[in-house]
Amino acid sequence: RSRNDTMKYWRMIFLLIVFLTNAYAVPEPDWSEREQHWISALDEQFTPPTLGARTTIYLTSGVSKIGILKSVTSSHITLTIDVGTVQYARDTLHPKTRMQIYKEDYISYGVKQIIAKEMRAYRVSKQNEEARLAKEQSRRSLESTLNRVVLVLGDWEWGEQHGYAIVEGEVTNISQSSIQNVQAVVRFYTSSDQFITSDTSLLEFNPILPGQTSPFKVYAQWNPEMRTARISFSQLFGQTISYMTEEKYNKTIKELKNH
């Protein structure tokens, strides 16, 4: 084959790999069909060697020989070199040389190389698509989570004072609407996570306006078994209001931006 034919061949392979690697949602090819396609394509592309031309051959032993190609049969080739005319059995020739001389080998080795490259490209494409879908699903999940959040809980603390468990903090309304009668609900638990009691208190600002941050303070009768306190929010005599801690909210926003 000429140098131009070789360059055209590998350019064709390169463009094919680029296409498969960058395509999204590529269905798995019918590999038998692809094999037949390349058998036909390479059959038409093969250029037989020219008898009488100066040729370099490579042997499976790693040795190379340069000489004049005298003849080609199905079992061997004849080459005229410095020491005379020498025959080389087909099975002693390196695949690279067999592809240059024998059409069957050109097609057989060529198809194997091309299909192997296509399969690798397909696997890369599939992995890219799976990663893209996973990333898209994660982005949608984050958006859905943020869209449900109404309140963001800022700094808060709790402790015992004068026989009472006192919980203090602040919360921000990140919705687009004013909310009436928002109450902080605090539940207290033992060290073994057993419920002790709960109490509630309305936010200091009522209603709490969009973007507004309101303090809150909840009192409960102190119990020495109290070890943890958990906060939630609801409307007075109404449903629970979705909230997120400020730390988690900022982390979720950051994750969403990274998508």
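As the structure is a prediction and not an experimental result, all values here were calculated from the model. The first residue in the sequence is number 1, and the count goes up from there. For the numbers below, each heavy atom of this structure counts, side chains included, while hydrogens, waters and symmetry mates do not.
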Test item: [X] side-chain N/O and [Y] main-chain N/O as donor-acceptor pair under 3.5 Å:
{"X": "N173", "Y": "L209", "value": "yes"}
{"X": "N250", "Y": "E246", "value": "yes"}
{"X": "T55", "Y": "A53", "value": "yes"}
{"X": "Y243", "Y": "I231", "value": "yes"}
{"X": "S141", "Y": "Q137", "value": "no"}

Find the distance between [atom1] ([X]) and [atom2] ([Y]) and round it off to the nearest 0.5 Å.
{"X": "E143", "Y": "S138", "atom1": "CD", "atom2": "OG", "value": "10.0 Å"}
{"X": "N128", "Y": "L133", "atom1": "CG", "atom2": "CG", "value": "11.0 Å"}
{"X": "L69", "Y": "T50", "atom1": "CG", "atom2": "OG1", "value": "8.5 Å"}
{"X": "L59", "Y": "T97", "atom1": "CG", "atom2": "OG1", "value": "7.5 Å"}
{"X": "L93", "Y": "I101", "atom1": "CG", "atom2": "CD1", "value": "5.5 Å"}
{"X": "K251", "Y": "M244", "atom1": "NZ", "atom2": "CE", "value": "11.0 Å"}

Can you tell if the side chain of [X] reaches within under 4.5 Å of the side chain of [Y], non-hydrogen atoms only?
{"X": "W31", "Y": "E35", "answer": "no"}
{"X": "T213", "Y": "F205", "answer": "no"}
{"X": "F188", "Y": "V167", "answer": "yes"}
{"X": "Y249", "Y": "L146", "answer": "yes"}
{"X": "R139", "Y": "L142", "answer": "no"}
{"X": "I114", "Y": "L42", "answer": "yes"}
{"X": "T197", "Y": "N223", "answer": "no"}
{"X": "I77", "Y": "Q87", "answer": "no"}

Heavy atoms of other groups near [X] [atom1], more than 12 under 6.0 Å:
{"X": "E104", "atom1": "CD", "result": "yes"}
{"X": "D155", "atom1": "CG", "result": "no"}
{"X": "N258", "atom1": "CG", "result": "yes"}
{"X": "E130", "atom1": "CD", "result": "yes"}

Check for me whether [X] meets the cation-pi criterion with [Y], that is, NZ or CZ under 6.0 Å from the six-membered ring centre and within 45 degrees of the ring axis.
{"X": "R90", "Y": "Y102", "value": "yes"}
{"X": "K103", "Y": "F46", "value": "no"}
{"X": "R187", "Y": "F195", "value": "no"}

Is there a path of hydrophobic side-chain contacts, each under 4.5 Å between heavy atoms of I, L, V, M, F, W or Y residues, that connects [X] with [Y]?
{"X": "F237", "Y": "I179", "value": "no"}
{"X": "Y88", "Y": "Y58", "value": "no"}
{"X": "I107", "Y": "Y109", "value": "yes"}
{"X": "V150", "Y": "L256", "value": "no"}
{"X": "I57", "Y": "M99", "value": "no"}

Checklist entry - Does K126 come within less than 4.0 Å of E129, counting only side-chain N to carboxylate O? => result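 Salt bridge: no.
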Checklist entry - Checking side-chain contact (heavy atoms from CB on, under 4.5 Å) for the pair V218/W156: CA distance, chi angles, key distance, verdict? => result CA-CA 11 Å; V218 180; W156 68 282; over 6 Å; no
Shortest non-hydrogen contact from [X] to [Y]?
{"X": "S242", "Y": "V149", "result": "OG-CA, 3.8 Å"}
{"X": "T245", "Y": "V152", "result": "C-CG1, 4.2 Å"}
{"X": "I208", "Y": "S214", "result": "CD1-CB, 3.8 Å"}
{"X": "A165", "Y": "M226", "result": "CB-SD, 3.7 Å"}
{"X": "I81", "Y": "V86", "result": "CD1-CG2, 3.8 Å"}
{"X": "R54", "Y": "I68", "result": "CA-CD1, 3.8 Å"}

Item to check | Candidates T240, T200, L203 - the one meeting side chain to side chain contact (heavy atoms under 4.5 Å, CB included) with F233 | outcome: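 Result: among T240, T200, L203, L203 is the only option passing the side chain to side chain contact (heavy atoms under 4.5 Å, CB included) with F233.
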Next on the checklist: Is it true that S144 and R140 share a donor-acceptor pair across their side chains at a distance under 3.5 Å?
Outcome noted: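 Short answer, no.
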Checklist entry - Is a side-chain donor-acceptor pair under 3.5 Å present for S177 with S175? => result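 There is no such pair between these side chains.
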Next on the checklist: The test is side-chain contact (heavy atoms from CB on, under 4.5 Å); show your working for N206 and Q180 and say whether it passes.
Outcome noted: CA-CA 6 Å; N206 189 19; Q180 293 274 0; 3.6 Å; yes
Item to check | Mutual orientation of the aromatic rings belonging to W158 and W222 [parallel < 30°, tilted 30-60°, perpendicular > 60°] | outcome: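 It falls in the tilted class, 30° to 60°.
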Item to check | side-chain contact (heavy atoms from CB on, under 4.5 Å) evaluation trace for L79 with K70 | outcome: CA-CA 6 Å; L79 202 66; K70 300 296 290 182; over 6 Å; no
Checklist entry - Looking at Q100, K96, R98, which hits side-chain hydrogen bond (donor to acceptor under 3.5 Å, both in side chains) with D105? => result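 It is R98, the one option of Q100, K96, R98 that forms the side-chain hydrogen bond (donor to acceptor under 3.5 Å, both in side chains) with D105.
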Checklist entry - Step by step, would you call Q221 with Y164 a side-chain contact (heavy atoms from CB on, under 4.5 Å)? => result CA-CA 5 Å; Q221 190 69 41; Y164 288 93; 4.1 Å; yes
